[in-house]
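Here the structure is laid out as C-alpha cells; the discussion comes afterwards.
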Amino acid sequence: MTRSEELFSKAVTKIPGGVNSPVRAFGSVGMTPRFIASAKGAYLTDVDGNTYLDYIGSWGPMILGHAHPMVLEQVEEACKKGLSFGAATEAEVCMAELICKMVSSVEMVRMVNSGTEAVMSAIRAARGYTGRNKIVKFEGCYHGHSDAMLVKAGSGVMTAGVPDSAGVPKGCTEDTLLCAYNDMEAIEKLFIEYGEEIAAVIVEPVGANMGVVLPKFGFLERLRALCTEYKSVLVFDEVITGFRLGKGGAQEYYGIEADLVTYGKIIGGGMPVGAYGGKKEIMEVVAPVGSVYQAGTLSGNPVAMAAGLAQLSYLDTHPEVYTKLQSLGRMLYGGLEALCEELALPYQVNYVGSLGCLFFTSSPVKDYTSAKTSDTKAFTEYFRHMLTHGIYLAPSQFEAMFLSAAHTEEDVQRTLACAREYFTEK
Ligand code: HOZ
C-alpha cells in the first residue's frame, strides 16, 4: 500500500469521501487520490516521493508556478506581523487600487474569502441594486456552491430552477432561470418573457467547468446588450479567467465590460481569497454604505492580501508572462489538435491562451449538452496513462487544464510525447 493509499483509507473514516472538495477524490477516474506533500514551479510531489508535471495549478491561481519565491517572501513578511486583525489594513487598500487599475470595468471592489462567497455577494448586490429577484445562469457554468447557483443543467432553455443538490430548498432556486450556453435565441426569449424581473445574468465568459467551452462569436456581446436594454446587471464570473487571459481577464480579452465581476483564488496567489467588484453605483449598495449586508472577519486577511498583491503586482508589471502563456498554450493545445488530426482521433480541443481541454467526443463542444457527449471511459484511460507517466491532469473530463509561467517548452513537448505514445499504442 502506498502512503497516499494509506492516508486515503484513514481520510475516508473522518472526512466525507476522504476529501474536502469532491473532485479531488479521483472518483470519476476510478482511482484514489495522490496526497500532495509539496509543490515547486510546475511540479507537484506526493507523499510517496513521486513527482508530477501539474496541469491543475490549484485550479488556476498558481499562474506563476507553485511556491514562487517572491510571493513566499511577501507572505513570510506578512506572517511575522500578525495573521488576522479583523480590522482595516493598508494592504487591502493597495489590493483594491491594484485591481481597479488592472481591470478597467472595476471601480470599487470588496474582498471576500472564496469564489463562492464572491458570487453569492455579487448576486445579492445585483438584487439589491435592481430591486428584482430573478437571475439567469447558464447550463454547465459553475459559480460555487451557494444555494441559488446549484441549479441542475437541464436540457430546457427556459427551465425553471431545480436544486442540483439535496439540501437546497426549492425556494432558493425558483428565481434562477437556466439557459444553454452560447444559445442566443434562448437568452433572447428569456429576456422577452422575464426581462423586467431579471436582476442579473451571471456567466463564465469562458466556460471552464464543463471542460473548456468558448463563447461563440457575438454571445457575450449579446448578453451585454440585453442587460443594458433591460437594466439587468451583467456579472462575469472570472474566478478562472480573471488575470489569466490577460491583466484585464476575459473582459479585456473579448472587449466586453461587465457591470460586476467575481474573482477567486487567483487574486490570493493560492491563498483563500475572493472578491467582487464593478461599477461604483452598484457596489455602493453594499453595507456600510448601502443596505445590502455582507461581512467577514477574514475578508481582506493580511496574509492573503500579501500573497495576492505580490502575484498581481508581478502580473501587472511583467506582460511577458502572458506572452509566454499564450505561446505555451498554442504549443500544447495546438499540438494536441495536430495529434488528433494526424492520428485521425475524433476528438475536440477547445482552448484560449493557457486554458484548454481535450474532449473525447466527435461533436464540437459548444455547451453542456455537447460536452456531455464525451466518452468519459476513454478520458479515464487517457488520464491514467498520463498520471502513470508523471503528468497530473484534472481527474475529470469536465475540468480545464491550466498552464503556468513555470511550465517550459520541454514540459509541453514531454506532455505531447506522452499523449502521442498513448494514442499510438492504443
Ligand atoms: N471547483 C473546482 C473544480 N472546478 C475543484 C476545487 C478543488 O477540489 O479544489
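Counting starts at 1 for both ligands and their atoms, following the listed order. Just so you know, these numbers use all the heavy atoms, side chains as well, and skip hydrogens, waters and symmetry mates. The first residue of the sequence shown is numbered 1, and numbering continues consecutively from there.
- Geometrically, Lys372 engages Phe398 in a cation-pi contact defined by less than 6.0 Å to the ring centre and at most 45° from the axis.
- Side chains of Tyr43 and Asp54: a donor-acceptor N/O pair is absent below 3.5 angstrom, by distance only.
- Ligand 1 has no nitrogen or oxygen under 3.5 angstrom from a nitrogen or oxygen of Tyr142.
- A side-chain N or O of Thr415 and one of Tyr55 form a donor-acceptor pair less than 3.5 Å apart.
- Distance from atom 5 (C) of ligand 1 to its nearest protein heavy atom, with residue and atom name: Val23 CG1, 3.5 Å.
- Distance from atom 6 (C) of ligand 1 to its nearest protein heavy atom, with residue and atom name: Ser21 OG, 3.5 Å.
- Short contacts between ligand 1 and Glu399, defined as distances under 4.0 Å to a heavy atom of the residue, involve ligand atoms 3 (C), 4 (N).
- Protein heavy atom closest to atom 2 (C) of ligand 1, with residue, atom name and distance, is Trp59 CD2, 4.1 Å.
- In terms of N/O distances under 3.5 Å, ligand 1 is not approached by Lys265.
- Ion pairing between Lys137 and Asp237 fails under the 4.0 Å rule for side-chain N and carboxylate O.
- Interface of Asn209 with ligand 1, defined as ligand atoms under 4.0 Å from a residue heavy atom, comprises 4 (N).
- Protein heavy atom closest to atom 9 (O) of ligand 1, with residue, atom name and distance, is Arg24 NH2, 2.9 Å.
- Within the 4.5 Å cutoff, the side chain of Thr361 has heavy atoms near those of the Gln348 side chain.
- Of all heavy-atom pairs between Ser58 and Pro61, the closest is O-CD, 2.8 Å.
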